[in-house]
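Lettering follows sequence order; numbering is per chain, from 1. These numbers come from the heavy atoms of this one structure, side chains and all, not from hydrogens, waters or symmetry mates.
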Amino acid sequence: MKFTYPSELPVSASRGEIEQAVRSSQVVIVSGQTGSGKTTQIPKILLQMGRGSHGHQIVHTQPRRIAARTVADRIAAELNVQLGEEVGYQVRFDDKSSPATRLRVVTDGILLAQIQRDPRLSAYDTIVIDEAHERSLNIDFLLGYLTALLPKRRDLKLIITSATIDSVKFQEHFAKALHTKVPVIEVSGRTYPVQTIYEPLGSPPALMNSVPGFASVQLDPDSGDPLETAQADLPTAVARACAELVIHSSHSSGPRDILVFAAGEHDIHEYEAALRHHFGPRAEDMRRADAIEILSLYARLSAKEQHRAFQAHSHQRIIIATNVAETSLTVPGIRYVVDPGLARISRYSKSAKVQRLPIEPISQASADQRAGRCGRVADGIAIRLYSHDDYETRPRFTEPEILRTSLGSVVLHMLSVGVARTAQDVTEFGFIDPPDMKAVSDGFNELTELGAIDRKHGEIRLNPLGRKLSRIPIDIRLGRMILQAAQTSTPNTLAAVIVVVAFLSLQDPRERPEDKHDEADRLHARFEDPASDFVSVLNLWHYCFPEGKSPSSSALRKLAKGEYLSFLRLRQWHDLYRQLSQMCQQMKMKVGEPLPASGPNPEIASLPLAQQGRGSLACSWDSDGLHRAMLAGLLSNIGMQVITDPKASQFAGLKGPARAKAIKRAQKRSRNDYRGARGTHFAIFPGSAVVKSPPSWIMSAGLVETSRLWARYCATIDPVWAENLAGDLCRVTYAEPHWSASKGAAVASSTVLLYGLPIVANKPVLWGSINPAEARDFLIRQGLVEGDIRQRFSYDSFIEDNRSILQEASDEASKTRLVSQAATEEDLFDFYNDRLPATITSLAALAKWWKGERAQRPDFLTFDPAQVDRLQEREHSVKPGDYPDHWQTQGTDGRPLSLRLSYVYDPQAKDDGVTVHIPYLPWAS
DNA sequence: GAGCACTGC
């Protein structure tokens with residue numbers, strides 16, 4: 001290794017200071033703007049100091065994969081070593097490191113994952129967290145974890161690099177937590193000055209006014225709009241700012257491209273239309289000498305379309321971009337920036353528990369970052385389309401992500417590493433900005449919904465499912481689907497679920513180029529399944545990866561090109577599928593093959609690369625199994641269709657065909673309206689195939705609120721599936737309890753509610769069982785729905801005694817109580833006793849028979865005679881999904897044996913859950 | 001009838 005430090009990089013001058021700080025302190029903060037060279041030079045300084053040796057490494061984290069690769073590449077080149085030897089990198093699917101590696105550049109997610117295996121991070125003696133000011137969930141978790149770890153590992157050094165303004169916050173945090181001095185080393189940037197100009201809506205053209213003689217310059221000779229035109233809206237304000245900058249550029253030399261920031265795709269189109277209107281032929285005819293090329297840039301664009309912004313070009317350019325251009329992508333040659341000051345920010349709604357994407361004013365830090373994008377090649381100018389006062393009143397920083405997302409995965413991670421056992425542990429963990437109690441308890445609730453945790457005496461612990469879940473490197477809801485699929489007996493269902501889960505964790509590989517929407521839609525429609533977007537996904541998979549194998553790169557590239565699919569994302573999809581299925585195999589799950597549901601769709605069969613002969617294969621996984629497994633992760637994303645007929649008054653002003661058309665549209669719209677969990681309302685996203693004929697019940701993989709609450713990918717479900725999966729999340733209400741002479745039983749109508757949705761409605765319940773799932777099951781299975789049970793229970797007296805009370809009970813709660821009391825153990829006993837096979841003469845035989853019953857009905861309470869003593873405890877808390885029972889049989893000694901379980905409604909119980917008293921009496925007659 | 005950007009054992 002050869003250590004040289006380019007003298008033109010500002011950080012080189014601070015080398016001595018940095019070395020000194022790292023020697024004397026455990027935590028060092030290096031702050032500096034882009035271009036200071038801190039990212040590449042600091043690791044070199046550390047290596048030269050001798051860190052990253054004696055069996056320990058230096059780990060350097062980057063927020064993005066590409067960055068991790070390129071940083072490692074550049075450092076290796078500067079040190080003149082082979083990449084993968086002393087300097088290596090590790091990102092998902094790609095590990096270029098060796099035993100000789102002393103410096104490992106990784107994404108922050110990789111380091112986070114390593115904590116699980118190696119909680120003390122003993123592989124490292126130095127950790128560099130780069131770009132800490134981005135404050136992503138991963139970075140905040142890492143910094144929080146390291147806050148707790150550093151006192152236990154005095155030999156471990158932490159270097160944080162960040163933008164200047166954030167460094168104070170990091171310094172204060174670590175100084176306070178570790179009771180030491182935390183040096184901050186300021187490194188100047190190597191950027192050009194940027195002039196910031198404020199032009200709020202309706203104001204005169206400030207840039208031109210600052211240049212004598214320009215005030216009356218025409219925006220463009222062809223459009224005839226003078227610059228003074230008061231701009232009432234953002235698109236015209238954007239156009240005027242660009243016009244000013246174009247004029248400015250014509251009077252100066254050097255780069256002249258303009259970067260316009262927009263909040264989203266919709267805004268991009270609006271700005272583009274305004275710009276084309278203003279620049280007229282100059283924006284159309286690229287053969288003109290003064291042509292202006294208008295491009296857009298956002299993440300969902302195809303690779304080819306994105307690439308255009310980075311290609312060399314001769315004419316002036318205006319690039320309209322979303323936030324991708326703020327941090328992830330650096331557009332070269334930008335001299336000017338136009339910043340309307342808005343962005344879509346992801347927020348988590350605490351009341352509705354859904355993700356929201358509102359358009360909000362950006363923070364000062366974000367505005368400065370945007371302005372900084374034009375100072376990289378020459379003196380720049382940034383025009384802000386809001387006032388200086390507006391800027392001053394904005395928040396200093398964008399709220400860190402940890403305060404804006406659901407915390408389920410953070411909590412899961414903390415439980416699995418063992419740093420938290422209560423919600424308080426989480427809020428008191430060393431986070432720089434600790435989330436509040438409400439957000440944390442929501443995180444715990446999410447884990448409860450997924451069945452990942454058990455609560456005991458105020459302490460929360462991961463159960464086996466939760467422990468497995470924490471090992472699966474994907475979103476926890478998606479991980480839950482995998483674990484559920486692993487439990488189902490149908491072969492190959494797990495493989496199908498993995499295909500879908502992998503799809504859902506990546507960007508959709510289906511592309512829709514702006515000018516070819518229709519053709520792309522038409523081609524993609526071949527894969528559509530009208531009832532489930534997830535089956536569509538599988539159809540796409542079978543088309544792209546017949547036989548489950550990835551075709552050669554060139555074949556896949558060719559296929560992708562003609563089908564409006566992204567080659568890169570298809571490959572990522574396949575990579576992730578492989579990673580997940582290998583992992584499942586390691587966790588001893590039977591994966592199988594994701595074979596087509598029912599042979600190829602005839603449409604698909606006619607396509608060139610289609611797998612012929614699939615039709616002869618029997619269905620290898622069942623569609624119900626796939627959807628049931630997925631539902632385990634999506635319980636709070638179910639929706640019930642609400643049809644409200646449009647009112648005539650809505651069409652009062654319309655006549656004839658126009659009226660008919662409006663009514664039809666309103667009717668269609670009214671069918672796409674769903675009541676979701678916790679009183680929310682949502683609609684199927686127009687891109688989903690399910691929207692064409694909205695089913696009465698759906699589940700959705702992802703609810704996001706923008707213009708309204710949209711369900712992105714959907715599938716039809718049978719809501720009854722949710723009942724067993726939800727367990728004690730379900731609430732049961734009873735109505736109309738009465739004595740039915742024909743059925744010979746107390747009968748009530750029960751409704752099972754999940755998050756306020758009636759997943760099982762108006763089902764008759766016999767004996768007022770508190771477990772309507774069982775009762776319903778019984779009624780159907782035993783053919784008792786129409787009621788042929790002879791009246792032989794001892795209900796008469798109970799009903800006689802309580803008839804008036806039952807009829808008078810007005811509120812649901814008291815009805816519930818009464819009906820529950822109606823279920824006495826005698827009734828259960830009689831019923832079951834009648835069904836016991838005569839051959840049973842001992843508890844062991846009873847258990848055997850019972851086991852057979854359970855095989856068919858897996859939610860039965862486990863009954864093991866060996867555990868009988870345990871049941872003698874006076875009180876047990878039993879989930880409604882469990883099935884306590886009541887048995888009597890004869891022992892080998894001829895004496896009757898009985899296990900009696902009875903329900904007792906407990907009005908004192910805080911939850912709607914039911915406390916069950918289980919007196920166990922091996923009867924001695 | 002239309003959604004910001006990242007990331008993982």
Side-chain angles (χ1 to χ4, degrees), chain A residues 61-68 90-95 106-118 131 134-139 141-142 261-269 297-301 321-329 342-347 354-360 362 366 369 398 401 404-405 409-410 412-413 416-417 467-476 478-479 502 505-508 512 514 517 521 572 575-576 579-580 582-584 586-587 665 668-669 672 683-688 691-692 702-713:
Chain A
T61 72
Q62 284 292 321
R64 278 163 289 278
R65 282 190 221 170
I66 318 170
Q90 187 185 351
V91 299
R92 194 174 209 173
F93 308 127
D94 197 3
D95 184 355
V106 301
T107 47
D108 41 33
I110 294 266
L111 184 58
L112 210 55
Q114 283 174 353
I115 290 176
Q116 288 227 345
R117 272 196 321 242
D118 178 10
E131 314 280 1
E134 288 194 16
R135 301 297 307 277
S136 66
L137 202 57
N138 285 355
I139 287 172
F141 189 90
L142 279 175
F261 282 99
E265 235 179 292
H266 178 255
D267 287 14
I268 287 178
H269 293 311
L297 181 64
Y298 47 95
R300 225 171 51 98
L301 228 46
T322 59
N323 259 359
V324 268
E326 195 180 299
T327 46
S328 317
L329 300 174
L342 299 170
R344 268 194 201 279
I345 305 220
S346 173
R347 293 198 175 274
V354 292
Q355 188 195 0
R356 301 179 55 229
L357 275 177
I359 295 179
E360 290 181 5
I362 59 173
S366 178
Q369 172 80 8
T398 310
E401 197 185 354
R404 294 186 282 118
T405 43
S409 78
V410 169
L412 178 71
H413 211 119
S416 92
V417 185
R467 236 166 283 132
K468 279 186 200 159
L469 194 61
S470 71
R471 289 174 56 195
I472 305 178
I474 43 168
D475 177 271
I476 52 174
L478 300 178
S505 30
L506 300 167
Q507 292 211 51
D508 197 324
R512 294 181 82 221
E514 276 172 50
H517 278 180
D521 284 352
Q572 283 179 345
D575 285 347
L576 185 53
Q579 189 197 20
L580 291 175
Q582 274 170 8
M583 219 194 50
C584 286
Q586 282 164 13
M587 291 168 81
R665 212 173 38 228
K668 197 174 172 208
R669 199 186 142 89
N672 187 9
I684 302 172
F685 193 71
S688 162
V691 80
K692 284 167 191 164
L703 290 171
V704 180
E705 186 188 304
T706 51
S707 53
R708 63 190 287 197
L709 187 56
W710 293 108
R712 182 77 182 86
Y713 298 103

>> Just to be sure I understand the rule, does A/I474 reach a base, reach only the sugar-phosphate, or reach nothing, if contact means heavy atoms closer than 4.0 Å?
In response: base

>> Side chain of A/T107, heavy atoms from C-beta onward: which of B/dG1, B/dA5, B/dG8 has the nearest atom to it?
In response: B/dG8

>> What is the separation between atom CD on A/Q582 and atom P on B/dG8, rounded to the nearest whole Å?
In response: 17 Å

>> Expressed as a whole number of angstroms, how long is the span from A/E360:CD to B/dC4:P?
In response: 14 Å

> Using a cut-off of 4.0 Å on non-hydrogen atoms, how would the nucleic acid contact of A/S136 be classed: base, sugar-phosphate, or nothing?
Replying inline: nothing

>> Between A/S416 and A/L329, which residue's closest nucleotide on DNA chain B lies nearer the 5′ terminus?
In response: A/L329

> Which is true for A/Q572 with a 4.0 Å heavy-atom rule: it touches a base, it touches only sugar-phosphate, or it touches nothing?
Replying inline: nothing

> For A/I110, which contact category applies under a 4.0 Å heavy-atom criterion: base, sugar-phosphate, or nothing?
Replying inline: sugar-phosphate

> Is A/A343 touching bases, backbone alone, or none of the nucleic acid, heavy atoms closer than 4.0 Å?
Replying inline: nothing

> What nucleotide, of B/dC4, B/dG1, B/dA5, holds the atom closest to the side chain of A/A299?
Replying inline: B/dA5

> Rounded to whole angstrom units, what separation is found between the CD1 atom of A/I362 and the P atom of B/dC4?
Replying inline: 15 Å

>> In whole Å, I'd like the distance from the CZ atom of A/R344 to the P atom of B/dA5.
In response: 10 Å

> If you check every side-chain atom of A/W710, which of B/dC4, B/dC6, B/dA2 has the closest atom?
Replying inline: B/dA2

> How would you label the contact of A/D475 with the nucleic acid (heavy atoms, under 4.0 Å): base, sugar-phosphate, or nothing?
Replying inline: base

>> I'd like to know if the side chain of A/T327 pairs up with that of A/Q369 as donor and acceptor (distance under 3.5 Å, no hydrogens or angles considered).
In response: no

> Going through the distances and angles, do A/L580 and A/L576 end up as a side chain to side chain contact (heavy atoms under 4.5 Å, CB included)?
Replying inline: CA-CA 6 Å; A/L580 291 175; A/L576 185 53; 4.0 Å; yes

> So what does A/E265 hit on the nucleic acid, given a heavy-atom distance under 4.0 Å: a base, only sugar-phosphate, or nothing?
Replying inline: sugar-phosphate

> Are any of A/T322's side-chain N or O atoms less than 4.0 Å away from OP1 or OP2 of B/dA5?
Replying inline: yes

>> Please report the interatomic distance CG(A/L112) to CD1(A/I139), rounded to the nearest 0.5 Å.
In response: 10.5 Å

>> Applying a 4.0 Å non-hydrogen cut-off, can you work out what A/V704 is touching in the nucleic acid: base, sugar-phosphate, or nothing?
In response: base

> What's the verdict on side chain to side chain contact (heavy atoms under 4.5 Å, CB included) for A/I472 and A/M583, showing C-alpha distance, side-chain angles and the deciding distance?
Replying inline: CA-CA 8 Å; A/I472 305 178; A/M583 219 194 50; 3.9 Å; yes

> Looking at B/dC4, B/dC9, B/dG8, which one has an atom nearest to any side-chain atom of A/V91?
Replying inline: B/dG8

>> Would A/Q114 and A/D118 count as a side chain to side chain contact (heavy atoms under 4.5 Å, CB included) here? Give the steps.
In response: CA-CA 6 Å; A/Q114 283 174 353; A/D118 178 10; 5.6 Å; no

>> At 4.0 Å (heavy atoms only), tell me whether A/S505 reaches a base, stays on the sugar-phosphate, or touches nothing.
In response: base

> What integer distance in Å separates A/Q90:CD from B/dG8:C1'?
Replying inline: 11 Å

> Under 4.0 Å: is that the gap between some side-chain N or O of A/R356 and OP1 or OP2 of B/dC4?
Replying inline: no

> From the list B/dA5, B/dG1, B/dC9, which nucleotide is the closest neighbour of the side chain of A/R669?
Replying inline: B/dG1

> Is the CD1 atom of A/I359 crowded by more than 12 outside heavy atoms at less than 6.0 Å?
Replying inline: yes

> Rounded to whole angstroms, how far apart are CG on A/D94 and P on B/dC9?
Replying inline: 11 Å

> Base, sugar-phosphate, or nothing: which does A/R64 touch, judged by heavy atoms less than 4.0 Å apart?
Replying inline: sugar-phosphate

>> Between A/S328 and B/dA5, is there a contact of a side-chain N or O with OP1 or OP2 at under 4.0 Å?
In response: no

> Would the number of heavy atoms belonging to other residues, nucleotides or ligands and lying under 6.0 Å from CZ of A/R471 be above 12?
Replying inline: no

> A/R512 near the nucleic acid: base, sugar-phosphate alone, or nothing, with a heavy-atom cut-off under 4.0 Å?
Replying inline: base

> Any N or O donor-acceptor pair linking the side chain of A/Q116 to the base of B/dC9 at under 3.5 Å?
Replying inline: yes

> How many Å lie between CD on A/Q579 and P on B/dT7, as a whole number?
Replying inline: 14 Å

>> Both A/G702 and A/D108 contact DNA chain B. Taking the nearest nucleotide for each, which residue is further toward the 5' end?
In response: A/G702

>> Between P on B/dC6 and CD1 on A/I66, what's the gap in Å once rounded to a whole number?
In response: 8 Å

